[in-house]
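We count ligands from 1, going down the list as the structure has it; atoms in each ligand are counted the same way.
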Amino acid sequence: MREIVIGAAQMGPIQRADTREAVVARMLALLDQAKDAGCQLVIFPELCLTTFFPRWYIADQAEVDSWFETEMPNAATQPLFNRARAHSIAISIGYGELTPDGRHFNTQILTDRQANIIGKYRKIHLPGHDEYDPERSFQHLEKRYFAPGDLGFPVFRNMDAWMGMLICNDRRWPEAYREMGLQGVELIVLGYNTPSGNSQNADETPEMRDFHSDLSVQAGAYQNSAFVVAVAKAGNEDGHPLNGGSVIVSPDGVILQKAKTLGDELLVQACDMDATAFGKASVFDFKRHRRIEHYGRIATQTGVIYPDGKEG
Ligand code: ING
């Protein structure tokens, strides 16, 4: 039995005018609540220190950079790391990373229970577009503000388990889970900021987008026999609604906990990492069942090429 009591710390909206200090105060409250609930690991959302700024077209690079962190921890987040260490709680947080050599990433880090950063992931699947798009009801400029991640899909040993991270749109791509599944991952943690509407299809409902989020995460968990914890930043940010619906999903793909509000809300679940073993030794025993000689396209072809040779 390798039980980890996991907290999914969903966060409500962060307004463009909110300070990092005000946000960290909310995160500290969630961390204290997690301590009282017996959590040993707490997951915070994607870009959890700021509003979801890719919804805004920002021409001035200095203003864009103001949404990023140049070091982690830093003055604003050091209290969070200190409290996590005091509570002996490992944390995972998402933030905009500006590297010393000027590269911009949508990043998630993972610590051990002494607040040492033991893992970093940089978002690989960047949705949206890179130029202002007047056709859209709102912008989604992740391809403008972030470079694709350059760290692959690493898996880290933490708390006697194999852990990996994804960020938001990554959860829609089965290849992302499988890259970690092939490293024996037992727990995948991810944060997301998912607009409640589709900027290109006014008919798509928040319920449909919640369905697609759960569908993706449940499939990823089941097909790789791993726990998946998906944590939203939710609610109305400056008039732009984000979906909530954070979930903790079992290696069988079952939703064990799901958030009920669009605010700061902690889900808590004791997860036995040994529960991942049966799936990995039976239906998803990759070594016994996979036939990689037939999977060539997945790793060598980017877009659609029809049988008649025409490109999609
Ligand atoms: N947000 C959304 C997400 O992948 C999106 C963008 C929503 C893409 C729905 C496709 C469909 O959840 C981020 N930040 O990736």
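Within the set C168, S196, A230, P45, the minimum heavy-atom distance to atom 2 (C) of ligand 1 is found for C168. Around atom 10 (C) of ligand 1, the closest heavy atom drawn from E46, R172, R55 belongs to R172.
Under the salt bridge (Lys or Arg N to Asp or Glu O under 4.0 Å) rule, E46 has a single partner from K233, R122, K123, which is K123.
In this structure, atom 1 (N) of ligand 1 lies nearest to the protein heavy atom N193 O, 3.0 Å. Closest to atom 14 (N) of ligand 1, if we only count protein heavy atoms, is E142 OE2, 2.8 Å. The closest protein non-hydrogen atom to atom 8 (C) of ligand 1 is N169 ND2, 3.3 Å. If you check which protein heavy atom lies closest to atom 6 (C) of ligand 1, you get H140 CE1, 3.7 Å.
Residues G244 and Y192 approach most closely at O-OH, 2.7 Å, considering heavy atoms. When all heavy atoms of V23 and M11 are compared, the closest pair comes out as CG1-CE, 3.6 Å.
Note: F153 and Y121 have parallel aromatic rings, judged against thresholds of 30 and 60 degrees for the angle between ring planes.
A salt bridge is defined here as a Lys NZ or Arg NE, NH1 or NH2 lying under 4.0 Å from an Asp or Glu carboxylate O, and E97 with K120 meets this definition. Between K35 and D32 no salt bridge is recorded (no basic side-chain N to carboxylate O distance below 4.0 Å). Using a 4.0 Å cut-off between charged nitrogen and carboxylate oxygen, R290 and D285 do not count as a salt-bridge pair. Under a 4.0 Å N-O distance rule, the pair D274/R2 qualifies as a salt bridge. Using a 4.0 Å cut-off between charged side-chain N and carboxylate O, R16 and E63 make a salt bridge.
Taking every heavy atom of P127 and a limit of under 4.0 angstrom, the matching atoms of ligand 1 come to 13 (C), 15 (O). Atoms of ligand 1 found under 4.0 Å from any heavy atom of F52, numbered from 1 in the order shown, are 14 (N). Of all the atoms in ligand 1, the ones that sit under 4.0 Å from a non-hydrogen atom of T194 are 3 (C), 12 (O). Those atoms of ligand 1 with a heavy atom of R171 less than 4.0 angstrom away are 3 (C), 12 (O).
In this structure, H212 does not count as a contact residue of ligand 1, since none of its heavy atoms falls inside 4.0 Å of the ligand. The shortest separation from a heavy atom of K123 to ligand 1 is under 4.0 Å, placing the residue in contact.
Between R209 and ligand 1, a contact under 3.5 Å exists for no N or O pair.
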